[in-house]
Amino acid sequence: MPARVFEAATIRVVPRIDREEFINVGVVLHSPEAAFLDCRVELDGARLAALAPRLSCAMVERHMQAFVAVCRGERGAGPIAALPRGERFHWLVAPRSAMIQTSAVHAGVADDPAAALERLFRAQVGPV
């Protein structure tokens, strides 16, 4: 497979928006040339508890799974999930004041977008 351009952003949990503290929980990657849009998320409950002891890990997990469902265009995930891949990606990475946010979007090149997603996940989130 030839090298293809991709865009990616780190997915973050921001327990208190006013404090701007966050933990990285995943990566979303879009490669239009490869017709690829996917994300990987994983929550480190101990890190979240250290940052926000009163926040429910189960609730955060539900929000993260909703992000994944929209990213993957799953049926039943609402009208945004029914949009084309590129529009879903841009909706997911749009700046917002919410508990689940993304970093700025960065570009890259990869032969295999799925492998690039895994590599970025390990670099940005690390072993959980």
Side-chain angles (χ1 to χ4, degrees):
M1 177 183 282
R4 298 189 174 160
V5 174
F6 67 80
E7 298 175 290
T10 303
I11 304 164
R12 300 170 170 163
V13 171
V14 185
R16 286 191 46 196
I17 293 160
D18 59 317
R19 291 179 57 129
E20 298 184 10
E21 298 172 331
F22 61 85
I23 60 171
N24 293 342
V25 296
V27 174
V28 57
L29 188 140
H30 178 235
S31 176
E33 295 175 325
F36 182 90
L37 173 61
D38 202 3
C39 63
R40 176 159 178 219
V41 297
E42 194 168 336
L43 180 62
D44 182 333
R47 288 181 69 200
L48 181 62
L51 185 60
R54 294 186 187 129
L55 190 58
S56 162
C57 281
M59 185 212 30
V60 173
E61 287 278 2
R62 285 192 302 274
H63 285 276
M64 290 170 43
Q65 290 312 310
F67 186 101
V68 171
V70 169
C71 177
R72 294 181 179 161
E74 294 178 5
R75 292 180 70 111
I80 302 300
L83 293 173
R85 267 194 283 315
E87 291 181 43
R88 288 196 317 268
F89 176 74
H90 290 290
W91 186 86
L92 289 167
V93 299
R96 60 183 49 108
S97 292
M99 183 176 39
I100 306 293
Q101 298 182 9
T102 59
S103 68
V105 175
H106 301 281
V109 177
D111 296 337
D112 180 354
L117 176 61
E118 279 301 310
R119 179 181 55 78
L120 288 170
F121 179 84
R122 285 191 309 276
Q124 297 302 319
V125 180
V128 176

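These numbers come from the heavy atoms of this one structure, side chains and all, not from hydrogens, waters or symmetry mates. Just so it is clear, the model here is predicted, and its values are computed rather than measured.
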All N/O donor-acceptor pairs, side-chain side in residues 16-29, below 3.5 Å, sequence neighbours left out:
from  : atom 1 : to     : atom 2 : distance (Å)
Arg16 : NE     : Asp18  : OD1    : 3.3
Arg16 : NH2    : Asp18  : OD2    : 2.7
Arg19 : NE     : Glu21  : OE1    : 3.2
Arg19 : NH2    : Glu21  : OE2    : 3.0
Asn24 : ND2    : Gln124 : O      : 3.1

Atom pairs and distances, donor-acceptor, side-chain atoms in residues 81-93, under 3.5 Å, two or more places apart:
from  : atom 1 : to    : atom 2 : distance (Å)
Arg85 : NE     : Ala35 : O      : 3.1
Arg85 : NH2    : Ala35 : O      : 3.3
Arg88 : NE     : Val70 : O      : 3.0
Arg88 : NE     : Cys71 : O      : 3.1
Arg88 : NH1    : Leu83 : O      : 2.7
Arg88 : NH2    : Cys71 : O      : 3.1

Report whether Met59 and Leu51 are members of the same hydrophobic cluster (ILVMFWY, side-chain heavy atoms less than 4.5 Å apart, transitive linking). yes
For Pro32, check side chain to side chain contact (heavy atoms under 4.5 Å, CB included) against everything at least two apart and list the hits. His30
Testing the basics here: between Cys57 and Gly45, what is the closest heavy-atom pair and its distance to 0.1 Å? SG-CA, 3.8 Å
From Glu42 atom CD to Ile11 atom CD1, the distance as rounded to the nearest 0.5 Å: 12.0 Å
Rounded at 0.5 Å granularity, tell me how far CZ in Phe67 sits from CD1 in Ile80. 12.5 Å
Arg4 and Asp111: CA distance, side-chain angles, deciding distance, side chain to side chain contact (heavy atoms under 4.5 Å, CB included) verdict: CA-CA 6 Å; Arg4 298 189 174 160; Asp111 296 337; over 6 Å; no
Could you tell me whether the side chain of Phe6 reaches within less than 4.5 Å of the side chain of Leu120, counting heavy atoms only? yes
Do Gln65 and Val41 have side-chain heavy atoms sitting under 4.5 Å apart? yes
Please list, chain by chain and in numerical order, all residues satisfying side chain to side chain donor-acceptor pair (under 3.5 Å) with Arg72, sequence neighbours excluded. Asp38
Got Val13 and Met99 here, is their nearest side-chain heavy-atom distance under 4.5 Å? yes
Taking side chain to side chain contact (heavy atoms under 4.5 Å, CB included) as the definition, give me every residue that meets it alongside Ala58, ordered by chain and number, with sequence neighbours left out. Ser56, Arg62
Summary of side-chain hydrogen bond (donor to acceptor under 3.5 Å, both in side chains) pairs that have at least one residue in residues 93-108, sequence neighbours excluded: none
Just so I know, are the side chains of Arg12 and Ile100 near enough to count as touching, which here means a heavy-atom distance under 4.5 Å? no
